[in-house]
Peer 1: 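Here it is, the structure in full.
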Number of protein chains: 2
Amino acid sequence: MSDGRSPSPVRGDTLLFLTDEQLRQGSEAMFFAYRGFTADPDRILQDLAYGRAHHRAIHFINRAPGTTVNNLLNILGVTKQSLNRVLRTLIADGLVRSVVGRHDKRERHLYLTEEGQALEQKLSDAQRARLRAAFREAGPEAVAGFRTVLEAMMDPEMRASYNRLKESST
Amino acid sequence: MSDGRSPSPVRGDTLLFLTDEQLRQGSEAMFFAYRGFTADPDRILQDLAYGRAHHRAIHFINRAPGTTVNNLLNILGVTKQSLNRVLRTLIADGLVRSVVGRHDKRERHLYLTEEGQALEQKLSDAQRARLRAAFREAGPEAVAGFRTVLEAMMDPEMRASYNRLKESST
DNA sequence: AAGTTTACGTCAGCCTTGTTGACACTCCAA
DNA sequence: TTGGAGTGTCAACAAGGCTGACGTAAACTT
């Protein structure tokens, strides 16, 4: 597929011409940007004896209040044991509330408590501040492109989750 | 700064207007896309008893052959103990060569062996395939925007590393 | 009514990859 | 010659992934 050097530009229309070098730069941009993306919440979490896994759980519970454990599992893409460890501490610390399902009593619906919402605010404010600055600096067209490329990069199931969340917030 | 609802659009020019919802979607796009971004190499590494940390080391050694341990440390943003553990296995397995510096014999310059280069190819081919597909699907303007936003999201030192790598490949 | 499946929790153990702290060695530079 | 920088390494620990196994309750199926 690639031999480490740039492929010949001969065949293929100019719009689709992508050198290995451009793609490598794209990888590196993702790597460095993701570091920045997580840096601010990570700093806050460090003081609280929580980690990125807690942040993710809190984020998505806030985003879809009343979601079930199974649903969260699918979104986060981890095992129930991993998630359970995180949820247990969040419930014990009073940040998350677990409510037995009304129709189906096997299910547990998850909600943030007020305290949980406060932490979510704090974390996402930190993350959004950076994103807002970056979006502003880059401009609206760049932001549109950013989202388009990211969506194209997702696995299909992940894109489905992403779109479901997007639509649910209408 | 934010109260969970969309801020009033009144003050601030239209180009800079960004709702919390847009920013949240941006976060989620980063989260899901990064998962896709790492999925393919992760699958390959799994069979080899290596992890993402090995991939990162291999990537940047390939990108800047002869780089020193300290330099790699700065780029990767981990402790020397963490990096050393990874490097040790890579050297033991004959994927990386460590060469004592000529001018400064304290430094170790790192190179990929042929076997190391082969693995790097395999890993980055997998990663690039997805990126290439995404870039193609999204189109050139979107890709430009994607890069602009990612660069704006980086920490300044990371952006410096990123640019140094970018320029070094000219 | 009995059996199966689903949703969830939990225990135990393992791996990778991050951390801190301590110590030793080499070697450059003042 | 001494201080400090660059490097390697040992030990110990924690977060957060994983698998496997087991239990319970509820729901579904036959």
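We use all heavy atoms of the structure for the numbers below, so side chains are in, but hydrogens, waters and symmetry mates are not. So that the names make sense, note that chain A is the first sequence line, chain B the second, and so on, each numbered from 1.
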Peer 1: Which letters describe nucleotides 21-28 of chain D, given B = protein heavy atom under 4.0 Å from base, S = only from sugar-phosphate, - = neither?
Peer 2: B----BS-
Peer 1: Quick one: do the B/T67 and B/N71 side chains pair a donor with an acceptor below 3.5 Å?
Peer 2: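 A pair is found: one side chain offers a donor N or O, the other an acceptor, under 3.5 Å apart.
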Peer 1: Looking at every heavy atom in both A/L110 and A/V69, which two are closest together, and how far apart are they?
Peer 2: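 Heavy atoms only, the tightest pair is CD1-CG2, 4.1 Å.
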Peer 1: Please state how far atom CD in A/Q46 lies from atom P in C/dG18, giving the value in whole angstrom units.
Peer 2: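 Value for this atom pair: 15 Å.
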Peer 1: Quick one: A/R108 CZ to C/dT10 C1', roughly how many Å, whole number?
Peer 2: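 Atom CZ in A/R108 sits about 13 Å away from atom C1' in C/dT10.
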Peer 1: Identify whether the distance between the nearest side-chain nitrogen and carboxylate oxygen of B/R35 and A/D155 falls below 4.0 Å.
Peer 2: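 Salt bridge absent between B/R35 and A/D155.
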Peer 1: Taking only side-chain N and O atoms of B/R56, does any of them lie within less than 4.0 angstrom of OP1 or OP2 on C/dG18?
Peer 2: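 True: B/R56 side-chain N/O within range (under 4.0 Å) of C/dG18 OP1/OP2.
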Peer 1: Just by distance, do the side chain of A/S82 and the backbone of A/V78 share a donor-acceptor pair under 3.5 Å?
Peer 2: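 Side chain of A/S82 to backbone of A/V78, a donor-acceptor pair under 3.5 Å: no, none is there.
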Peer 1: Rounding to a whole Å, what distance do you find between A/R85:CZ and D/dG17:P?
Peer 2: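 Taking CZ of A/R85 and P of D/dG17, I get 8 Å after rounding.
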Peer 1: Between C/dT16 atom C1' and B/R88 atom CZ, what is the distance in whole Å?
Peer 2: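 Whole-Å distance recorded here is 14 Å.
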Peer 1: Are A/L83 and A/V99 connected in the hydrophobic side-chain network, where two residues link if heavy atoms are under 4.5 Å apart?
Peer 2: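 Different clusters.
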Peer 1: Can you tell me if A/N84 touches the phosphate of C/dC8, counting only side-chain N or O atoms and a distance under 4.0 Å to OP1 or OP2?
Peer 2: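 No, because none of the side-chain N or O atoms of A/N84 sits under 4.0 Å from OP1 or OP2 of C/dC8.
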Peer 1: Considering non-hydrogen atoms only, spot the tightest contact between A/G51 and A/L45 and give its length.
Peer 2: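 Nearest pair, atom of A/G51 first, then A/L45: O-CD1, 3.5 Å.
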Peer 1: Start at the 5' end of DNA chain D and walk down; is the nucleotide closest to A/T79 or to B/E107 reached first?
Peer 2: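 By nearest-heavy-atom nucleotide position, the 5'-most residue is B/E107.
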Peer 1: Whole Å only: how far is the CZ atom of A/R52 from the P atom of C/dG18?
Peer 2: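 Taking atom P of C/dG18 as the reference, CZ of A/R52 is at 10 Å.
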Peer 1: Does the ring centre of A/F32 sit less than 6.0 Å away from the ring centre of A/F37?
Peer 2: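 Ring centroids of A/F37 and A/F32 are no less than 6.0 Å from each other.
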Peer 1: Can you tell me the distance, in whole Å, between the CG atom of A/L76 and the P atom of D/dG16?
Peer 2: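 The distance from CG of A/L76 to P of D/dG16 comes to 13 Å, rounded to the nearest Å.
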Peer 1: Mind calculating the distance between CG (A/D42) and P (D/dG16) to the nearest angstrom?
Peer 2: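 Spelled out: CG on A/D42 to P on D/dG16 is 9 Å.
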Peer 1: Rounded to the Å, how far apart are A/H55 NE2 and D/dG16 C1'?
Peer 2: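 It is 16 Å, rounded to the nearest whole Å.
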Peer 1: Ignoring backbone atoms, test whether A/N70 places a side-chain nitrogen or oxygen under 4.0 Å from the OP1 or OP2 oxygen of C/dT6.
Peer 2: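 No, because none of the side-chain N or O atoms of A/N70 sits under 4.0 Å from OP1 or OP2 of C/dT6.
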Peer 1: Within the structure, does a side-chain N or O atom of B/T68 lie under 4.0 Å from either OP1 or OP2 of D/dG6?
Peer 2: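 No, no such contact exists.
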